[in-house]
Amino acid sequence: MKVISVKAKLKNKIDFLKTLADIDLEFGDTYYQHDRIFLPRGYKPDRSLPKVLIRTNIHNTDKTPEYYLIFKRHLPKFDIDVVHRTAVRDYTETARILNDLGFELGHEIVKQRQALTMEGGVNICIDKIENLGTFVKIESELDETDTPKAVREDLVRTLDALGIKSSAIIDNTYANLTASVQKPKK
């Protein structure tokens with residue numbers, strides 16, 4: 001799938017949640033998410049190179065975690081992300097396969113996430129990321145008739161309507177932001 005996402009650092013999560021509640025939008029429960037980002041061997045920071053994540057979601061500590069294999073690649077010419085996601089049962093074997101394919105663990109991102117889906121399939125997440133702070137991310141899947149520029153502009157307008165100014169928007173991945181405070185894993 002092709003995805004456009006826009007993220008911004010939140011100054012005040014409580015005010016943002018109140019703004020959403022005022023228009024009858026509420027996030028689901030907070031859950032734990034741990035992303036282990038695997039990069040091609042010899043990787044140099046570049047959003048257009050493929051990255052593969054193994055994501056762990058823990059919604060309830062009494063239940064088995066969910067594991068997902070997620071492929072991400074940014075296409076700068078179109079300013080979109082190509083994202084593929086599938087559930088996996090065996091985290092360890094999946095990590096071994098990635099290693100054998102020439103990927104190595106680059107970064108880990110630990111977060112608490114709340115999510116909601118708005119009308120039209122637009123997803124909004126609040127991510128409290130360890131060592132970075134709290135962010136809002138708004139995302140929309142492109143369909144055949146969408147233009148990336150128009151979708152991005154619509155997402156930015158939506159954030160603005162929710163009290164997040166365009167000056168707060170961050171054009172960087174969580175992995176790149178995390179890299180500045182975390183040494184790559186070996």
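The first residue of the sequence shown is numbered 1, and numbering continues consecutively from there.
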>> Taking ring pair (Phe, Tyr, Trp, His ring centres under 6.0 Å) as the definition, give me every residue that meets it alongside His59, ordered by chain and number, with sequence neighbours left out.
In response: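 Tyr31.
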For [X], all residues meeting side chain to side chain contact (heavy atoms under 4.5 Å, CB included), sequence neighbours excluded:
X: Glu93; answer: Asp90, Arg96, Ile97
X: Ile70; answer: Leu53, Arg55, Tyr68, Lys72, Val83, Arg85
X: Ala168; answer: Ala8, Ile164
X: Lys9; answer: Phe135, Ile170

> Passes side chain to side chain contact (heavy atoms under 4.5 Å, CB included), Lys2 versus Glu141? Steps please.
Replying inline: CA-CA 6 Å; Lys2 295 176 183 171; Glu141 185 177 336; over 6 Å; no
Are [X] and [Y] packed together at the side-chain level, in the sense that at least one heavy-atom pair is separated by less than 4.5 angstrom?
X: Asp81; Y: Leu75; answer: no
X: Ile54; Y: Leu69; answer: yes
X: Glu108; Y: Ile37; answer: no
X: Asp171; Y: Val6; answer: no
X: Leu142; Y: Pro148; answer: yes
X: Leu101; Y: Val52; answer: no

> Does the distance from a Lys or Arg side-chain N to an Asp or Glu carboxylate O, for Lys111 and Asp35, drop under 4.0 Å?
Replying inline: yes
> Is it true that Asp79 and Arg152 have a side-chain N and a carboxylate O under 4.0 angstrom from each other?
Replying inline: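 Answer for the salt bridge query: yes.
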> Applying salt bridge (Lys or Arg N to Asp or Glu O under 4.0 Å), which residue pairs with at least one partner in residues 131-140 are found, sequence neighbours left out?
Replying inline: Lys137-Glu139
> So which pairs with a foot in residues 121-133 pass salt bridge (Lys or Arg N to Asp or Glu O under 4.0 Å), sequence neighbours left out?
Replying inline: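 As it turns out, the salt bridge (Lys or Arg N to Asp or Glu O under 4.0 Å) pairs with a partner in residues 121-133, which skip direct neighbours, are Arg113-Asp127.
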For the atom pair [atom1] ([X]) and [atom2] ([Y]), what is the distance rounded to the nearest 0.5 Å?
X: Tyr91; Y: Arg36; atom1: OH; atom2: CZ; answer: 4.0 Å
X: Leu177; Y: Leu132; atom1: CG; atom2: CG; answer: 6.0 Å
X: Leu20; Y: Leu116; atom1: CG; atom2: CG; answer: 6.5 Å
X: Thr94; Y: Tyr67; atom1: OG1; atom2: OH; answer: 10.0 Å
X: Phe38; Y: Glu104; atom1: CZ; atom2: CD; answer: 10.0 Å
X: Ile4; Y: Ile80; atom1: CD1; atom2: CD1; answer: 6.0 Å

> Does Asp29 CG have over 12 foreign heavy atoms under 6.0 Å away?
Replying inline: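 It does not: Asp29 CG has 12 such atoms or fewer within range.
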>> Looking at Phe71, I'd like to know if its CZ atom is crowded, meaning that more than 12 non-hydrogen atoms belonging to other residues, nucleotides or ligands lie closer than 6.0 Å.
In response: yes
> Among all residues two or more places apart in sequence or in another chain, which pass the side chain to side chain donor-acceptor pair (under 3.5 Å) test with Thr92?
Replying inline: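 Partners of Thr92 under the side chain to side chain donor-acceptor pair (under 3.5 Å) test: none.
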> By side chain to side chain donor-acceptor pair (under 3.5 Å), which residues pair with Lys13, not counting sequence neighbours?
Replying inline: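 Expected list: Gln114.
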> Quick one: is the NZ or CZ of Lys51 closer than 6.0 Å to the six-membered ring centre of Phe103, and within 45° of its axis?
Replying inline: no
> Any idea which heavy atoms bring Thr56 and Pro65 closest together, and the distance?
Replying inline: CG2-CB, 3.9 Å
>> Ignoring hydrogens, what is the shortest heavy-atom contact between Ile124 and Phe27? Give both atom names and the distance.
In response: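 Answer, listing the atom of Ile124 first, then Phe27: O-CE2, 3.3 Å.
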>> Before you tell me yes or no, could you show the steps for Thr134 and Ile129 under side chain to side chain contact (heavy atoms under 4.5 Å, CB included), namely the whole-Å CA-CA distance, both residues' side-chain angles and the distance that decides it to 0.1 Å?
In response: CA-CA 6 Å; Thr134 304; Ile129 301 184; over 6 Å; no
> Do Ile14 and Ile23 sit in the same hydrophobic cluster, where Ile, Leu, Val, Met, Phe, Trp and Tyr count as joined when their side-chain heavy atoms come under 4.5 Å apart?
Replying inline: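 As far as the 4.5 Å side-chain criterion goes, Ile23 and Ile14 are not connected within one cluster.
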Show me the donor-acceptor pairs within less than 3.5 Å that the side chains of residues 153-163 make with the rest of the protein, sequence neighbours left out.
from, atom 1, to, atom 2, distance (Å)
Thr158, OG1, Asp154, O, 2.9
Asp160, OD1, Lys165, NZ, 3.3

> Taking only residues at least two apart or on different chains, which pairs with a member in residues 115-124 satisfy side-chain hydrogen bond (donor to acceptor under 3.5 Å, both in side chains)?
Replying inline: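 For residues 115-124: Thr117-Asn123.
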> Is there a donor-acceptor contact under 3.5 Å from the side chain of Arg41 to the main chain of Asn99?
Replying inline: yes
>> Test question: given the 4.5 Å side-chain rule for I, L, V, M, F, W and Y, name all other residues clustered with Val110, or answer none.
In response: Tyr32, Ile58
